Amino acid sequence: MAQRGLLIVVEGCDRSGKSTQCENLVAQLQQSGNNAELVKFPDRTTQTGKMIDSYLQQKSDLDDHAIHLLFSANRWEAMKALSEKLNSGTTLVVDRYAFSGVAFSSAKGLDLEWCRNPDIGLLTPDIVLFLDLTIDEAEKRGGFGQERYEKRELQIKVRDEFAKLQDDTWKSVQREGSTRHLGCH
Ligand code: TMP
Ligand code: MG
């Protein structure tokens with residue numbers, strides 16, 4: 001039987017460079033002889049994904065709880081296929097996961113524990129790479145886009161919520177603009 005692939009999750013605020021880094025990581029893994037694939041949540045191609053896309057593009061409105069559950073359903077419907085890929089030896093690099101779900105919805109004011117519940121039972125990541133970038137620096141990168149959550153005030157709150165979710169499986173990657181130096185604060 002093939003050795004199980006790794007489930008590598010990449011998280012961060014909007015404009016933190018996740019998509020580029022995910023692509024780089026998949027390419028690196030493939031070049032070094034691993035089976036690796038990129039996965040992205042939300043997956044906007046499915047039925048739930050289309051509703052999410054419409055909400056994010058502000059073409060439709062939904063209750064905060066309802067959209068939270070849709071994001072979670074969008075992950076649940078992918079689990080069987082992802083599990084099979086991992087079991088057949090493919091490493092998955094996942095651009096956003098349940099942590100984004102909790103961070104964004106709790107930043108909007110929903111209870112953090114309530115937000116965690118629908119994702120309980122999803123595949124557990126082997127590692128979570130958190131791409132950290134100050135919101136000032138994120139804005140300097142050409143500014144946020146037009147989607148619903150791409151606003152400075154909300155992104156500041158999202159970054160704080162992400163900080164509450166970090167555990168032993170997280171590796172925080174300091175990006176340009178949030179560099180830390182030994183001996184400084
Ligand atoms: P994207 O920019 O990576 O396509 O993600 C779309 C937006 O959806 C982004 O602002 C983060 C947000 N989001 C949630 O609110 N909940 C979730 O569960 C996920 C995966 C993303
Ligand atoms: Mg975005």
Side-chain angles (χ1 to χ4, degrees), residues 7-26 37-79 81-82 92-125 128-135 137-166 170 173 175:
L7 182 59
I8 303 172
V9 166
V10 181
E11 285 282 10
C13 291
D14 285 295
R15 295 273 156 181
S16 58
K18 284 183 313 311
S19 301
T20 311
Q21 295 306 327
C22 284
E23 282 167 23
N24 290 346
L25 184 53
V26 171
E37 275 183 34
L38 179 63
V39 177
K40 172 157 181 46
F41 290 114
D43 173 357
R44 302 190 192 214
T45 65
T46 68
Q47 292 293 325
T48 60
K50 284 176 188 153
M51 290 171 77
I52 292 168
D53 183 54
S54 160
Y55 173 82
L56 289 171
Q57 290 192 45
Q58 318 206 54
K59 291 178 182 161
S60 62
D61 252 325
L62 282 170
D63 172 78
D64 289 340
H65 303 81
I67 182 67
H68 182 79
L69 296 173
L70 272 180
F71 273 114
S72 179
N74 186 250
R75 285 182 280 279
W76 274 110
E77 65 193 5
M79 282 307 109
L82 297 191
L92 300 174
V93 175
V94 185
D95 183 346
R96 292 195 190 281
Y97 200 52
F99 310 100
S100 276
V102 176
F104 279 80
S105 292
S106 59
K108 286 160 74 182
L110 297 191
D111 177 70
L112 190 117
E113 286 311 315
W114 185 90
C115 292
R116 281 184 198 267
N117 273 313
D119 289 312
I120 291 174
L122 290 180
L123 290 165
T124 307
V128 180
L129 301 174
F130 180 67
L131 302 194
D132 200 11
L133 187 74
T134 63
I135 304 304
E137 198 59 39
E139 267 194 317
K140 279 189 214 154
R141 297 179 163 208
F144 294 115
Q146 299 300 313
E147 290 205 328
R148 192 180 280 267
Y149 296 154
E150 299 195 54
K151 297 186 183 82
R152 180 185 172 81
E153 290 315 311
L154 182 67
Q155 295 287 328
I156 290 170
K157 286 186 192 160
V158 169
R159 189 166 176 244
D160 290 343
E161 295 302 315
F162 270 127
K164 296 180 191 166
L165 305 176
Q166 310 209 1
W170 286 58
V173 183
R175 311 233 52 222

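Indexing begins at 1, ligand by ligand and atom by atom, following the structure's order. None of these values were measured; they are calculated from a predicted model.
Heavy-atom separations between R148 and ligand 1 are all 4.0 Å or longer. In this structure, R75 has a heavy atom closer than 4.0 Å to ligand 1.
Remark: minimum distance from atom 5 (O) of ligand 1 to any protein heavy atom is reached at R96 NE, 3.3 Å.
For the side chain to side chain donor-acceptor pair (under 3.5 Å) criterion with E139, the lone passing option out of Q155, R152, R15 is R152.
A salt bridge does not link D14 with R141: every distance from a Lys NZ or Arg NE/NH1/NH2 to an Asp or Glu carboxylate oxygen is 4.0 Å or more. Here R159 pairs with D132 in a salt bridge; the nearest charged N to carboxylate O distance falls below 4.0 Å.
Note on D14: its N/O/S atom closest to the Mg ion (ligand 2) is OD1.
Annotation for ligand 1: atoms under 4.0 Å from non-hydrogen atoms of F41 are 20 (C). Atoms of ligand 1 found under 4.0 Å from any heavy atom of L56 (numbered from 1 in listed order, with element): 6 (C), 7 (C), 8 (O). Every atom of ligand 1 is numbered from 1 in the order shown, and the set under 4.0 Å from a heavy atom of K40 is 1 (P), 3 (O), 4 (O). Atom numbering of ligand 1 starts at 1 in the shown order; those under 4.0 Å from a heavy atom of G101 are 16 (N), 17 (C), 18 (O). Listed by number with element, the atoms of ligand 1 under 4.0 Å from a non-hydrogen atom of D14 are 2 (O), 9 (C), 10 (O).
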